[in-house]
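Data block below; observations after.
Quantities reported herein were computed from a predicted structural model and do not represent experimental measurements.
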Amino acid sequence: MSLPKSVRAYSSALGPADCVAGTFHYDAISGRLEWSDELYTLHGYRRGEIVPTVELLYAHKHPDDRERCHDIFMAACETGGFFCSYHRIIDARLREHRVLTAGEALMEDGTLAVVEGFIVDLTSTLHWETERAAREAVEGALGTRSTIEQAKGILMGILRIGSAAAFDLLAQYSQDTNIKVASTAADLVQLANSPEQAALLDAFVQELRRRPEGHADSAAVNEGRVPGG
């Protein structure tokens, strides 16, 4: 049984890592289940080592997912139509795979005749996506930290205040306006990097200096350098 073009296309779109995707065909009249070579590989076998059966298929489902998979499959077999499930399987080497199974149950005169579909191993793709997300989160955090440090430096230079006082201005403004510190810092850095917007930069800095009554900068007070004081 060859892998349909649609399944190959779906698998190749999942990411740079190779995905195992194979087809199955179940003849409900004879009870015969056929796997493509890829499904043997996914379950940890080679063609000829075992005879695929529905019982063997369920035996490889993760114990916590087995009942749910059975219910989805049986519902399709009773009425016909499409079915889909995301679950885990344990292959012959006890390795866990996260897979997507999709198929169609075909009826003849109200009786189940054939079930056919495909299984795609998403394990490598999910690992790749998780690693990419983690990497982007780290890069984003580092970028945010760098932007805040630049904004603090700008305030320190313009207002001649210390690092703690500069951050307190950003933090207090964020609290008063419900705008994230990182966003305020980014706006400040952007203005500082645009010489033609010097007036806007000055206005923005003055806005940061305006403190609601009772919100004086404790760090700056300790340094004896409250902005405007």
Side-chain angles (χ1 to χ4, degrees), residues 8-21 62 64-65 68 84-88 95-100 102 120-229:
R8 291 199 304 271
Y10 180 69
S11 176
S12 65
L14 292 175
D18 292 334
C19 295
V20 176
H62 190 288
D64 293 340
D65 299 341
R68 176 170 56 85
C84 182
S85 66
Y86 171 65
H87 56 277
R88 296 161 291 178
R95 297 173 301 187
E96 182 179 294
H97 302 262
R98 296 179 180 271
V99 303
L100 177 70
V120 180
D121 185 2
L122 300 177
T123 309
S124 296
T125 300
L126 291 173
H127 285 168
W128 174 71
E129 290 287 355
T130 300
E131 290 173 359
R132 186 179 68 172
R135 184 172 60 253
E136 290 178 349
V138 170
E139 291 173 350
L142 292 176
T144 297
R145 185 183 308 168
S146 174
T147 300
I148 292 175
E149 289 300 318
Q150 290 181 58
K152 285 167 55 180
I154 292 168
L155 291 174
M156 290 167 65
I158 294 176
L159 300 175
R160 293 194 293 269
I161 60 177
S163 175
F167 180 78
D168 189 74
L169 283 179
L170 293 170
Q172 188 61 60
Y173 183 82
S174 173
Q175 180 178 329
D176 296 340
T177 61
N178 200 30
I179 299 174
K180 293 182 178 180
V181 171
S183 296
T184 300
D187 291 341
L188 184 62
V189 171
Q190 181 179 4
L191 289 175
N193 288 329
S194 303
E196 67 277 8
Q197 301 192 62
L200 289 177
L201 172 62
D202 182 65
F204 192 17
V205 171
Q206 295 307 316
E207 178 66 19
L208 292 176
R209 293 180 64 188
R210 292 197 188 97
R211 312 302 297 254
E213 188 174 350
H215 282 180
D217 182 351
S218 59
V221 168
N222 290 336
E223 298 174 4
R225 289 177 293 200
V226 177

Subject >> Which residues share a side-chain contact (heavy atoms from CB on, under 4.5 Å) with A186, sequence neighbours left out >> reply: T147
Original post:
Can you find a heavy atom in the side chain of T184 that is under 4.5 Å from one in the side chain of F204?
Top reply: yes
Original post:
V189 versus I154: any side-chain heavy-atom pair under 4.5 Å?
Top reply: yes
Original post:
Can you tell me how far CD1 of I161 sits from CZ of R209, rounded to the nearest 0.5 angstrom?
Top reply: 9.0 Å
**OP:** Measure the CG-CG distance between D168 and L208 for me, rounded to the nearest 0.5 Å.
**Re:** 11.5 Å
Original post:
So do I179 and D187 actually touch side chain to side chain, heavy atoms under 4.5 Å?
Top reply: no
Subject >> Note, L169 side chain near L159 side chain (heavy atom, < 4.5 Å) >> reply: yes
Subject >> Heavy-atom pair with the smallest gap, counting every atom of A166 and L155 >> reply: O-CD1, 3.7 Å
Subject >> Euclidean distance, D202 CG relative to Q206 CD, rounded to 0.5 Å >> reply: 5.0 Å
Subject >> Spacing of L188 atom CG and E207 atom CD [to the nearest 0.5 Å] >> reply: 12.5 Å
Subject >> Exercise: identify the closest heavy-atom pair between R68 and S85 >> reply: NH1-CB, 4.4 Å
Original post:
Do V99 and T123 touch side chain to side chain, with heavy atoms closer than 4.5 Å?
Top reply: no
Subject >> Side chain proximity check, F167 to V181, heavy atoms < 4.5 angstrom >> reply: yes
Original post:
Is there side-chain contact between L100 and D121, with heavy atoms separated by less than 4.5 Å?
Top reply: no
Original post:
Taking only residues two or more places apart in sequence, or in another chain, which ones meet E96 in a side-chain contact (heavy atoms from CB on, under 4.5 Å)?
Top reply: H62, R88, I90, R98
